[in-house]
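Scroll down for the structure; my scribbles are underneath it.
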Amino acid sequence: MSKQYPIGKLGTPWCTDEKQAWYQQQKIQRSYQTNVVSKIEGLRGICTVEEYGVLAYEAGNYRLFALKNKQFDPQRPTIVVTGGVHGYETSGVMGALAFAERYIEQFSNQYNFVILPCISPWGFETINRWNPEAIDPNRSFYANSPAAESRLAMEYIAAYDGDIVAHIDLHETTNTDNSEFRPALAARDGKVNHNWNIPDGFYLVGHTQKPVPDFQRTIIEKVQKVTHIADADENGQLIGVDMEQFGVINYDGTELGLCMGMTDAPFVTTTEVYPDSQNTTSEECNNGQVASILGVLAYLSNRN
């Protein structure tokens, strides 16, 4: 258990004043326009770029973008890639953009791609897990969502839902999960915080309602060629959850309101990269995210 979070009273959920105090502590640390939007604009030659909404926040208006392959064919199955649901998880954003740059044209004769590279741009700029209202977008993918980030993404993706064969959501697990984000979550909800063991390496979170072990295994095998896979801790778990197989745990993505649960796709997973490891680099983390998408493609191709 970590020390008491500096905002709020132990055992008492936050009200408006505490949430505002938390918001006032957040600072812009990097530019969404420079680091993300400029890269999206640079992909217009090979991708169709669509704006699917605007987040109007005190810090400014954030335009939300989706990338699609130019040869979009309704007769082909669609693969959804999402990144930056938690804005601080950098490799998810950069990995989604890197995949589009390197591979979207190569596979467009087989699949359609819908890529939402940065669902939470304010979180990206402030290196944050929540949105300005202290809401976690990755617990908010459900009807009448209180998080605009989640709601706008769901509304956009809904147009493709019947054709989506796979959805991969790109994430990271970082040391700040224990130093900041889990303590803040416990304080916000008036609960006692219990940190988890941070896995050293890449792992996947499958969906308990559609786990498809072979699908998860194919992705792990592809990523293993790029970066190391996390081993189970002394309890045979990752982040407090029992292992399903090497490098894989399962969550009920629908019940928890996770991004990976927002479609009816039969093949879904969430990646978790560990950028704070001494055994990896930021480039390797980005490449691990790209490899995970290639793993999805490898599995689907072997199925056909």
Side-chain angles (χ1 to χ4, degrees), residues 1-5 10-11 85-86 88-92 95 129-130 136-141 168-261 267-281 284-285 288-289 291-292 295 299:
M1 188 177 75
S2 65
K3 63 182 180 180
Q4 170 64 12
Y5 197 72
L10 186 62
V85 176
H86 290 145
Y88 75 102
E89 297 172 359
T90 308
S91 71
R129 186 179 182 90
W130 293 343
D136 185 342
N138 203 39
R139 295 296 185 276
S140 305
F141 283 86
I168 183 166
D169 189 29
L170 309 181
H171 282 258
E172 294 180 344
T173 301
T174 72
N175 289 344
T176 50
D177 284 19
N178 278 349
S179 64
E180 170 62 25
F181 299 124
R182 288 184 66 79
L185 172 64
R188 185 198 67 184
D189 295 345
K191 297 179 179 179
V192 175
N193 178 49
H194 298 282
N195 280 342
W196 50 28
N197 293 328
I198 302 292
D200 187 348
F202 179 97
Y203 64 99
L204 292 174
V205 181
H207 197 314
T208 53
Q209 295 184 21
K210 36 190 170 182
V212 197
D214 289 349
F215 171 66
Q216 312 294 342
R217 185 178 302 112
T218 301
I219 298 171
I220 289 290
E221 290 171 351
K222 185 68 76 170
V223 174
Q224 199 168 14
K225 297 175 182 177
V226 175
T227 190
H228 64 293
I229 308 302
D231 289 316
D233 63 19
E234 63 273 15
N235 299 313
Q237 299 179 323
L238 293 173
I239 62 170
V241 179
D242 290 341
M243 299 274 288
E244 297 295 325
Q245 59 175 300
F246 177 56
V248 182
I249 60 173
N250 287 342
Y251 274 3
D252 190 326
T254 304
E255 181 179 346
L256 292 171
L258 305 184
C259 184
M260 72 166 168
F267 305 109
V268 298
T269 197
T270 298
T271 68
E272 294 288 353
V273 169
Y274 180 44
D276 297 320
S277 173
Q278 295 182 353
N279 301 313
T280 194
T281 64
E284 195 174 276
C285 290
Q289 302 282 23
S292 69
Y299 177 81

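If you read the sequence from its start, that first residue is 1, and numbering goes on from there.
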Shortest non-hydrogen separation from Met243 to Ala232 and the atoms involved: CG-CB, 3.8 Å
Phe267: partners by ring pair (Phe, Tyr, Trp, His ring centres under 6.0 Å), with sequence neighbours left out: Phe215, Tyr299
Glu234, CD atom: more than 12 neighbouring heavy atoms under 6.0 Å: yes
Gln4 side chain vs Pro183 backbone, donor-acceptor pair below 3.5 Å: no
Of Val268, Thr269, Ile249, Val241, the residue whose pairing with Val205 passes side-chain contact (heavy atoms from CB on, under 4.5 Å): Ile249
Under 3.5 Å donor-acceptor, Asp169 side chain and Cys259 backbone: no
Steps toward side-chain contact (heavy atoms from CB on, under 4.5 Å) verdict (Val85, Phe141): CA-CA 10 Å; Val85 176; Phe141 283 86; 3.9 Å; yes
Main-chain N/O of Thr227 paired with Glu284 side-chain donor or acceptor, under 3.5 Å: no
Considering all heavy atoms, the nearest Ile219-Gly295 contact: CG1-C, 3.9 Å
Trp130 vs Arg188 side-chain heavy atoms within contact, under 4.5 Å: yes
Pro275 vs Thr174 side-chain heavy atoms within contact, under 4.5 Å: yes
Ile198 CD1 to Thr176 OG1 distance, which is reported to the nearest 0.5 Å: 8.0 Å
Tyr274 side chain reached by Asn175 side chain, heavy atoms, under 4.5 Å: yes
Any Arg139 side-chain heavy atom under 4.5 Å of Leu258 side chain: yes
Minimum-distance pair of heavy atoms, taken over all atoms of Gly288 and Val223: O-CG2, 3.7 Å
Pairing residues for Tyr251 by the ring pair (Phe, Tyr, Trp, His ring centres under 6.0 Å) criterion, not counting sequence neighbours: none
Ring pair (Phe, Tyr, Trp, His ring centres under 6.0 Å) partners of His207, counting only residues at least two apart: none
Partners meeting salt bridge (charged side-chain N to carboxylate O under 4.0 Å, His left out) with Asp214 (sequence neighbours left out): Arg217
Check: Glu89 main-chain N/O paired with Glu172 side-chain donor or acceptor under 3.5 Å: no
Side-chain touch Asp136/His86, heavy atoms, less than 4.5 angstrom: yes
N/O donor-acceptor pair under 3.5 Å between Thr271 side chain and His171 backbone: yes
Residues in salt bridge (charged side-chain N to carboxylate O under 4.0 Å, His left out) contact with Asp200, at least two apart in sequence or another chain: none
Gln245 side chain to Pro213 backbone, donor-acceptor under 3.5 Å: yes
Ile229 backbone acceptor or donor facing Gln224 side chain under 3.5 Å: no
Candidate pair Leu185 and Tyr5, rule side-chain contact (heavy atoms from CB on, under 4.5 Å), full reasoning: CA-CA 9 Å; Leu185 172 64; Tyr5 197 72; over 6 Å; no
Flag, side chain of Glu272 to backbone of Gly201, donor-acceptor distance under 3.5 Å: no
Closest contact, heavy atoms only, Ala230 versus Leu238: CB-CD2, 4.1 Å
Pairwise distance CE(Met260) to OG1(Thr254) - rounded to 0.5 angstrom: 8.0 Å
Beyond-backbone contact of Thr173 with Tyr203, side-chain heavy atoms, under 4.5 angstrom: yes
Heavy-atom donor-acceptor pair, Asp233 side chain to Pro199 backbone, under 3.5 Å: no
Counterpart residues, side-chain hydrogen bond (donor to acceptor under 3.5 Å, both in side chains), relative to Asn250 (two or more places apart): none
Spacing of CG belonging to Leu170 relative to CD belonging to Gln289, to within rounding of 0.5 Å: 4.5 Å
Point-to-point distance, once rounded to the nearest 0.5 Å, from CD1 of Ile168 to CG of Leu204: 7.0 Å
